[in-house]
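Letters A, B, ... are given to chains in the order of the sequence lines, protein chains preceding strands, and every chain is numbered from 1.
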Protein chains: 2
Amino acid sequence: MQTLSKNQQIIFDLIDKSPEPMKAYAILFNVQKKGIKAPLQVYRALDKLVEIGKIHKIESRNAFIACQNSSCQVSKATAFSICEICEKVTEISSSSLSKYLTNFKDKDGMKYSKYNLEFFGLCKKCR
Amino acid sequence: MQTLSKNQQIIFDLIDKSPEPMKAYAILFNVQKKGIKAPLQVYRALDKLVEIGKIHKIESRNAFIACQNSSCQVSKATAFSICEICEKVTEISSSSLSKYLTNFKDKDGMKYSKYNLEFFGLCKKCR
DNA sequence: TTACATAGTGTTATATTATAACAATTAAAA
DNA sequence: TTTTAATTGTTATAATATAACACTATGTAA
Ligand SMILES: [Zn+2]
Ligand SMILES: [Zn+2]
Ligand SMILES: [Zn+2]
Ligand SMILES: [Zn+2]
């Protein structure tokens with residue numbers, strides 16, 4: 001439980017109350033009235049928030065979402081479902097999935113310290 | 001087995017012989033002597049090659065790699081290991097992994113039509 | 001062959017995403 | 001306190017990706 005700096009808190013609050021992943025420049029636009037005026041200020045806060053696991057980056061969308069598992073202290077094992085029509089993104093919290101992937105060894109016996117998994121399909125509403 | 005257009009073939013050959021994932025503008029630089037002069041020409045070929053499964057995009061790196069499983073006719077189930085030091089990327093071909101993920105259902109019973117998984121760690125050489 | 005549809009190409013301009021470099025300020029730890 | 005690390009503010013620029021339009025090649029079907 002880390003205390004966030006001013007910019008980090010402003011940006012986290014915005015992402016956290018967004019029903020969908022937010023892109024960096026959409027964040028910038030939304031926080032300009034709070035005095036955050038430059039892309040770098042946004043990216044710096046995003047980097048830190050990702051590092052401490054408060055938000056995750058959806059790599060296939062260049063967008064950021066608040067962690068929906070209060071347990072993700074650090075972003076090292078993330079899985080998302082992404083609707084290809086409405087772009088709704090949900091963080092998957094399945095202990096069997098995370099167990100499987102955390103223990104996965106490739107054919108050389110190598111284990112990995114981190115992973116990111118993105119599933120694509122149609123959400124309930126869009127089917 | 002689709003026959004590639006001229007630009008698609010040039011760009012595929014380049015990526016295929018590269019020992020590491022290539023970024024779009026590195027590709028552009030390398031094919032300029034062959035008459036491909038604009039980013040859009042590169043991106044169009046990349047889009048098509050991804051669509052037909054001859055190459056994959058490593059989302060966390062914005063880079064492209066030739067498919068290493070001759071079986072991936074279409075890119076809908078991809079998994080990679082990525083070394084965080086040397087950036088070496090390998091396509092993982094594990095039937096148990098692909099079986100597990102293809103059949104994965106989330107807690108609402110939803111199955112997905114596509115996924116992309118990226119594992120991170122240190123490769124043999126970098127450990 | 002001719003007509004038509006589809007896919008691919010070439011080109012210019014521009015949009016979107018992200019980082020470099022430097023100076024100043026604040027918070028924390030020794 | 002002093003000194004170290006983290007954060008902020010700012011300008012400029014790099015890297016990644018798409019829009020729009022005109023044209024050309026290729027395949028299919030009458
Ligand atoms: Zn999380
Ligand atoms: Zn949907
Ligand atoms: Zn493949
Ligand atoms: Zn390595």
Side-chain angles (χ1 to χ4, degrees), chain A residues 1-15 18 20-65 74-75 82 84 87 89 116 118, chain B residues 1-15 18 20-65 74-75 82 84 87 89 116 118:
Chain A
M1 278 286 168
Q2 182 145 3
T3 106
L4 302 179
S5 75
K6 179 172 131 275
N7 289 359
Q8 290 160 13
Q9 189 69 57
I10 290 169
I11 287 173
F12 175 73
D13 288 344
L14 178 66
I15 297 173
S18 169
E20 54 202 19
M22 293 195 74
K23 300 192 149 225
Y25 280 71
I27 294 167
L28 176 57
F29 179 80
N30 271 276
V31 296
Q32 274 174 336
K33 47 182 170 286
K34 299 217 161 125
I36 296 177
K37 291 184 194 134
L40 200 42
Q41 293 175 293
V42 173
Y43 280 104
R44 285 196 287 225
L46 290 173
D47 284 351
K48 189 67 184 196
L49 291 167
V50 165
E51 184 191 321
I52 64 180
K54 298 282 287 182
I55 66 173
H56 303 303
K57 182 174 186 182
I58 311 300
E59 292 287 356
S60 64
R61 299 299 186 259
N62 298 317
F64 300 85
I65 191 177
V74 168
S75 275
I82 302 171
E84 289 186 295
E87 296 289 327
V89 174
N116 178 58
E118 298 180 6
Chain B
M1 278 285 170
Q2 179 143 8
T3 104
L4 301 180
S5 75
K6 179 172 131 276
N7 289 359
Q8 289 160 14
Q9 189 70 59
I10 290 169
I11 287 172
F12 175 71
D13 289 344
L14 178 66
I15 297 172
S18 168
E20 55 203 18
M22 292 193 76
K23 300 190 149 226
Y25 279 71
I27 293 168
L28 176 58
F29 179 80
N30 272 274
V31 297
Q32 274 175 334
K33 47 182 171 285
K34 298 219 160 122
I36 296 176
K37 291 181 194 137
L40 200 41
Q41 295 174 291
V42 172
Y43 280 105
R44 285 197 286 226
L46 290 173
D47 285 351
K48 188 67 184 195
L49 292 168
V50 166
E51 184 192 323
I52 64 180
K54 299 281 288 180
I55 66 172
H56 304 302
K57 182 172 185 182
I58 310 301
E59 292 287 357
S60 64
R61 299 299 187 259
N62 299 317
F64 299 86
I65 190 175
V74 166
S75 276
I82 301 170
E84 289 186 293
E87 295 291 324
V89 174
N116 178 58
E118 299 179 5

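- With B:I55 as reference, B:L46 is the one residue of B:L46, B:I11, B:I65 to meet the side-chain contact (heavy atoms from CB on, under 4.5 Å) rule.
- The distance between atom CG of A:L49 and atom P of D:dT8, rounded to the nearest whole Å, is 10 Å.
- Comparing B:G35 and B:N62, the nucleotide of DNA chain C nearest to each residue sits closer to the 5' end for B:G35.
- OP1 or OP2 of D:dG9 sits under 4.0 Å from a side-chain N or O of A:K6.
- With rounding to whole Å, A:R61 atom CZ is found 16 Å from C:dT17 atom C1'.
- Distance from the side chain of B:K23 is smallest to D:dT16 among C:dG10, D:dT8, D:dT16.
- Side-chain N/O atoms of B:S5 include one lying less than 4.0 angstrom from OP1 or OP2 on C:dT9.
- Regarding B:K37, its NZ atom lies at a distance of 17 Å from the C1' atom of C:dA13, rounded to whole Å.
- A heavy atom lying under 4.0 Å from DNA chain D marks the following residues of residues 38-46 of chain A, by number: A:A38, A:L40, A:Q41, A:R44.
- A donor-acceptor pair under 3.5 Å is absent between the side-chain atoms of B:E20 and the main chain of B:E87, judged by distance alone.
- Side-chain proximity of A:K57 to the nucleotides C:dA18, D:dT10, D:dT8 is greatest for C:dA18.
- Between B:Q8 atom CD and D:dA25 atom P the separation is 16 Å, expressed in whole Å.
- The ring of A:Y25 does not lie on top of the base of C:dT16; it is either too far (5.5 Å or more) or too tilted (30° or more).
- By the side-chain contact (heavy atoms from CB on, under 4.5 Å) test, A:K48 pairs with A:Q2, A:Q8, A:E51, A:I52, sequence neighbours left out.
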